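What follows is one structure encoded as structure tokens, with my remarks underneath.
Heavy-atom basis, side chains included; hydrogens, waters and symmetry copies ignored. Lettering follows sequence order; numbering is per chain, from 1. As the structure is a prediction and not an experimental result, all values here were calculated from the model.
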Protein chains: 2
Amino acid sequence: MKILNKHTDYALRALIALGMNPGSRMSAKALSEGQVIPYQFLRRILQELIRSGLVNSKQGVGGGVALAVDPERINVRDVIEIFQGPVQVSECMFRKQLCSNRANCVLRHEIMRIEQLVDDEFSRVSVGKLITDLKRVGEAGKSRHVHETN
Amino acid sequence: MKILNKHTDYALRALIALGMNPGSRMSAKALSEGQVIPYQFLRRILQELIRSGLVNSKQGVGGGVALAVDPERINVRDVIEIFQGPVQVSECMFRKQLCSNRANCVLRHEIMRIEQLVDDEFSRVSVGKLITDLKRVGEAGKSRHVHETN
DNA sequence: ATTATTTGATACTAAATTAGTATCAGTTTA
DNA sequence: TAAACTGATACTAATTTAGTATCAAATAAT
Ligand code: FES
Ligand code: FES
């Protein structure tokens, strides 16, 4: 049961990389090589991040993408939502009118509670926090990359 | 981002149905009709529940499945684990030795925290609790079915 | 102006997972 | 011995996720 998919994972890595040296504009190519993410795949992910307003872009030589908002104000929840839709544990479909008392459904109720909890927790983790933590650890540890799912 | 898949969902519905009238043994056919779950699919799900020890089975006429353990001692986490594996938000693969300080990875750390939280919460929801709640609500509401994902 | 570098838009393929179906052998009861 | 069951297992279909490819348009440097 995996919660983050590659889109989300790569997006987070890219955002963190962009936030590491503030104000930096990086090309998809550079990011792809730095974070070891398939170029074309990353391109599409970046395009979504641009559409969502989290990063801005500039075409042409010397162009690339940069954070459009303070990394403190980007949280993991946002990114999950962009690539995987809102957290929802399960959803009743009223399939063929069978579910006549959705409002009273206990399982649904419990599940929504947990769903909310997960949502809140992911909201609490900002890219900014990840960056500052990474930097602090980096002082000692010295590793370049960011994170790798699978 | 859906957390429960159909296997888990149907399994839970079956377990709840079995627990509703204690000691009852029901055939896959009856369960399938009662809960509106595709018969052959449910059969395989039940077979897994049997293997896992949560229910026992009896072959032949009048046979079927029944809960093997107290519904209070079956929780949603158990069922998720059977059908979707352990909760794991994401996992570092050490792909090509790039991830040299997994232990210090901040994203991983945060994610494991949330993972643990989700796990704990699902552990807290027992089939028994769902049943008693359902019964209480059922007094008033009067609906037959259990829950429906999608 | 021309060329190299970059994103924008979008279509496509491949792999993996999830959902669902089918079949036949063996057990139990009537 | 027939009917109602589960056990085991193989199979197909649908959906989602992951990844590739292409071409147009923008920008900057030469
Ligand atoms: S990148 Fe490997 S553990 Fe985070
Ligand atoms: S079954 Fe419809 S809400 Fe639970």
Side-chain angles (χ1 to χ4, degrees), chain A residues 1-11 13-14 18 24-33 35-66 68 80 82-85 88 90-91 93 95 148-150, chain B residues 1-11 13-14 18 24-33 35-66 68 80 82-85 88 90-91 93 95 148-150:
Chain A
M1 188 199 158
K2 222 171 286 160
I3 294 187
L4 304 191
N5 68 17
K6 290 274 190 189
H7 294 247
T8 305
D9 178 50
Y10 291 160
R13 292 208 255 164
L18 288 172
S24 74
R25 182 174 294 286
M26 299 176 75
S27 71
K29 183 146 173 281
L31 277 169
S32 150
E33 285 165 1
Q35 300 299 320
V36 195
I37 302 171
Y39 174 70
Q40 297 291 0
F41 195 22
L42 177 60
R43 287 255 293 137
R44 279 194 11 215
I45 289 166
L46 291 175
Q47 290 184 344
E48 286 230 48
L49 288 176
I50 291 157
R51 267 177 234 124
S52 79
L54 293 184
V55 313
N56 60 50
S57 64
K58 202 184 148 201
Q59 284 181 308
V61 177
V65 296
I80 291 178
I82 291 168
F83 294 98
Q84 311 186 40
Q88 60 172 192
S90 83
E91 188 194 327
M93 282 284 287
R95 189 172 65 182
E148 193 163 327
T149 315
N150 195 15
Chain B
M1 191 199 156
K2 223 170 288 158
I3 293 185
L4 304 191
N5 68 16
K6 291 274 189 187
H7 295 247
T8 305
D9 178 51
Y10 291 159
R13 293 210 253 164
L18 288 173
S24 74
R25 183 173 296 283
M26 299 176 73
S27 71
K29 181 145 173 283
L31 277 169
S32 151
E33 285 164 2
Q35 301 298 322
V36 196
I37 301 171
Y39 174 71
Q40 296 292 359
F41 195 21
L42 177 60
R43 285 255 294 136
R44 280 196 8 214
I45 288 166
L46 290 176
Q47 290 185 346
E48 286 230 46
L49 288 176
I50 292 158
R51 265 178 236 125
S52 79
L54 293 182
V55 312
N56 60 49
S57 64
K58 201 183 150 203
Q59 285 179 309
V61 178
V65 295
I80 290 178
I82 291 167
F83 295 98
Q84 310 186 42
Q88 59 169 191
S90 84
E91 189 195 325
M93 283 284 287
R95 188 170 66 183
E148 192 164 329
T149 316
N150 198 13

Length of the line joining [X]:[atom1] and [N]:[atom2], which is rounded to integer Å:
X     : N      : atom1 : atom2 : value
B:K6  : C:dT21 : NZ    : P     : 12 Å
B:D9  : C:dT18 : CG    : P     : 14 Å
B:L46 : D:dC5  : CG    : P     : 13 Å
B:R25 : D:dA4  : CZ    : C1'   : 14 Å
B:L18 : D:dT6  : CG    : P     : 11 Å
A:Q84 : D:dT15 : CD    : P     : 19 Å
A:E48 : C:dT7  : CD    : C1'   : 15 Å
B:I3  : C:dT18 : CD1   : P     : 13 Å

Would you indicate, yes or no, if [N] has its OP1 or OP2 atom less than 4.0 angstrom from a side-chain nitrogen or oxygen of [X]?
X     : N      : value
A:S57 : C:dT6  : no
A:Y10 : D:dG19 : yes
B:N5  : C:dT17 : no

Checklist outcome for this item: Taken in chain and number order and not counting sequence neighbours, the residues that satisfy side-chain contact (heavy atoms from CB on, under 4.5 Å) with B:A11 are B:I45, B:L49, B:V79, B:F83

Drop me the distance from [X]'s [atom1] to [Y]'s [atom2], to the nearest 0.5 angstrom.
X     : Y     : atom1 : atom2 : value
A:L46 : A:I50 : CG    : CD1   : 6.0 Å
A:I82 : A:R51 : CD1   : CZ    : 11.0 Å
B:Q40 : B:R43 : CD    : CZ    : 6.0 Å

Checklist outcome for this item: In 5'-to-3' order, the base (B), backbone-only (S) or no-contact (-) status of each nucleotide in nucleotides 22-30 of chain D, using a 4.0 angstrom heavy-atom cut-off, is B--BBBB--

Item to check | Nucleotide-resolved protein contact map, nucleotides 10-16 of chain C, B/S/- at heavy-atom distance under 4.0 Å | outcome: BB-----

Next on the checklist: Could you tell me if the side chain of B:V65 sits less than 4.5 Å from the side chain of B:L18, heavy atoms only?
Outcome noted: yes

Next on the checklist: Applying ring pair (Phe, Tyr, Trp, His ring centres under 6.0 Å), can you list everything that pairs with A:Y39, at least two apart in sequence or on another chain?
Outcome noted: none

Pairs under 3.5 angstrom, nitrogen or oxygen only, protein versus nucleotides 1-3 of chain C, please.
none

Checklist outcome for this item: Sequence neighbours excluded, the answer for side chain to side chain donor-acceptor pair (under 3.5 Å) partners of A:T8 is A:N5, A:Q84

Item to check | Sequence-distant partners of A:S32, side chain to side chain donor-acceptor pair (under 3.5 Å), two or more places apart | outcome: none

Do any side-chain atoms of residues 54-62 of chain A form donor-acceptor pairs under 3.5 angstrom with protein atoms, and if so which ones, sequence neighbours left out?
unit_1, atom_1, unit_2, atom_2, d
A:N56, OD1, A:R25, NH1, 3.2
A:N56, OD1, A:R25, NH2, 3.0

Next on the checklist: Quick check: closest heavy atoms across A:A66 and A:S24, and the distance to 0.1 Å?
Outcome noted: CB-O, 3.5 Å

Checklist outcome for this item: To the nearest 10 degrees, the angle between the two end axes of the helix from C:dA1-D:dT30 to C:dA30-D:dT1 (five pairs per end) comes to 0°

